[in-house]
Amino acid sequence: EAQVTQNPRYLITVTGKKLTVTCSQNMNHEYMSWYRQDPGLGLRQIYYSMNVEVTDKGDVPEGYKVSRKEKRNFPLILESPSPNQTSLYFCASSERRESPLHFGNGTRLTVT
Amino acid sequence: QQPVQSPQAVILREGEDAVINCSSSKALYSVHWYRQKHGEAPVFLMILLKGGEQKGHDKISASFNEKKQQSSLYLTASQLSYSGTYFCASPVPSAGNMLTFGGGTRLMVKP
């Protein structure tokens with residue numbers, strides 16, 4: 001089954017403790033991206049990748065890192081999480097730039 | 001600048017129709033529409049790539065007026081399963097597959 005898999009689904013952590021949210025897609029898609037969704041602010045872009053080793057910032061990249069060492073994986077790294085990064089995170093992939101986005105099921109992160 | 005959607009929320013009875021509008025102050029080269037149910041990921045509905053294009057899927061269709069920088073989503077004879085939040089989105093130029101999403105329209109269909 002074609003899918004984007006994010007893990008974990010829920011994560012509660014403390015300020016400053018490094019964490020990684022994994023994202024993997026099995027559709028051989030070139031493009032991958034990360035969004036965060038907050039009430040009243042909608043979906044906002046964090047980082048995107050156009051191919052292996054090609055990544056760039058979206059609108060709200062501060063406090064996040066990404067890597068794309070393999071085509072299928074696009075992890076989101078929070079080196080030193082802070083409470084303002086409490087949010088619902090979505091990974092998405094697409095075949096081409098103008099193709100539909102396939103979203104993962106989301107990761108609800110709480111930083112205390 | 002994110003696209004602006006209207007209305008922000010709408011309540012319908014089953015079988016009624018609804019229109020959701022999306023407009024942008026920037027040029028719109030294409031428009032995506034997604035639906036998100038509570039607690040779930042957004043799900044793709046359709047893309048309109050060209051001005052004047054209209055698309056339909058079941059009883060949900062959309063139009064795209066490139067000159068007016070607007071798109072509309074039409075839900076006909078709504079069903080309970082149509083409930084959710086609808087987002088329009090436009091590609092970010094030179095930014096991979098990044099989309100700028102509108103603020104969303106919350107649609108509730110009641111029996």
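Note: hydrogens, waters and symmetry copies are ignored here, and every other heavy atom, side chains too, is used. Convention: sequence-line order gives letters A, B, ...; per-chain numbering from 1.
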Trainee: What distance do B/Met98 atom CE and A/Leu101 atom CG have between them, rounded to the nearest 0.5 Å?
Mentor: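 Output value for this atom pair is 9.5 Å.
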
Trainee: Is B/Leu99 reachable from A/Ile46 through a run of hydrophobic residues whose side-chain heavy atoms are each under 4.5 Å from the next?
Mentor: no

Trainee: Under 4.5 Å heavy-atom distance to chain A, tell me which part of B/Leu45 shows up: side chain, backbone, both or neither.
Mentor: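 For B/Leu45, no heavy atom lies under 4.5 Å from chain A.
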
Trainee: How about A/Ile77: does its CD1 atom have over 12 heavy atoms from other parts shown lying under 6.0 Å from it?
Mentor: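 Check passes, neighbour count above 12.
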
Trainee: If I measure from the heavy atoms of chain A, does B/Val43 come under 4.5 Å with its side chain, its backbone, both, or neither?
Mentor: neither

Trainee: According to a 4.5 Å side-chain heavy-atom criterion applied to Ile, Leu, Val, Met, Phe, Trp and Tyr, with indirect links allowed, do B/Met46 and B/Phe87 form part of one hydrophobic cluster?
Mentor: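 Result: no, two separate clusters.
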
Trainee: Are B/Phe44 and B/Val92 connected in the hydrophobic side-chain network, where two residues link if heavy atoms are under 4.5 Å apart?
Mentor: yes

Trainee: For A/Met27, look at atom CE and say whether over 12 heavy atoms of other residues, nucleotides or ligands are found less than 6.0 Å away.
Mentor: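 Check passes, neighbour count above 12.
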
Trainee: Assigning hydrophobic clusters by single linkage (Ile, Leu, Val, Met, Phe, Trp, Tyr; side-chain heavy-atom cutoff under 4.5 Å), is A/Leu88 placed with A/Phe103?
Mentor: yes

Trainee: Please identify, among B/Pro42, B/Gly103, B/Ala41, the residue contributing the most non-hydrogen atom pairs under 4.5 Å to chain A.
Mentor: B/Pro42

Trainee: Between chain A and chain B, going by a 3.5 Å limit, which atoms form donor-acceptor pairs, if any?
Mentor:
unit_1: A/Ser33; atom_1: OG; unit_2: B/Asn97; atom_2: OD1; d: 3.4
unit_1: A/Tyr35; atom_1: OH; unit_2: B/Leu99; atom_2: N; d: 2.9
unit_1: A/Gln37; atom_1: OE1; unit_2: B/Gln36; atom_2: NE2; d: 3.0
unit_1: A/Gln37; atom_1: NE2; unit_2: B/Gln36; atom_2: OE1; d: 2.8
unit_1: A/Gln45; atom_1: NE2; unit_2: B/Leu99; atom_2: O; d: 2.7
unit_1: A/Gln45; atom_1: NE2; unit_2: B/Thr100; atom_2: OG1; d: 3.0
unit_1: A/Tyr48; atom_1: OH; unit_2: B/Ser94; atom_2: O; d: 3.4
unit_1: A/Ser94; atom_1: OG; unit_2: B/Asn97; atom_2: ND2; d: 3.0
unit_1: A/Arg97; atom_1: NE; unit_2: B/Gly96; atom_2: O; d: 3.1
unit_1: A/Arg97; atom_1: NH2; unit_2: B/Val92; atom_2: O; d: 2.7
unit_1: A/Glu98; atom_1: OE1; unit_2: B/Ser30; atom_2: OG; d: 3.0
unit_1: A/Glu98; atom_1: OE2; unit_2: B/Ser30; atom_2: OG; d: 3.3
unit_1: A/Leu101; atom_1: N; unit_2: B/Tyr34; atom_2: OH; d: 2.9

Trainee: Between A/Leu43 and A/Val21, is there shared hydrophobic-cluster membership here, with clusters defined by ILVMFWY side-chain heavy atoms closer than 4.5 Å?
Mentor: no

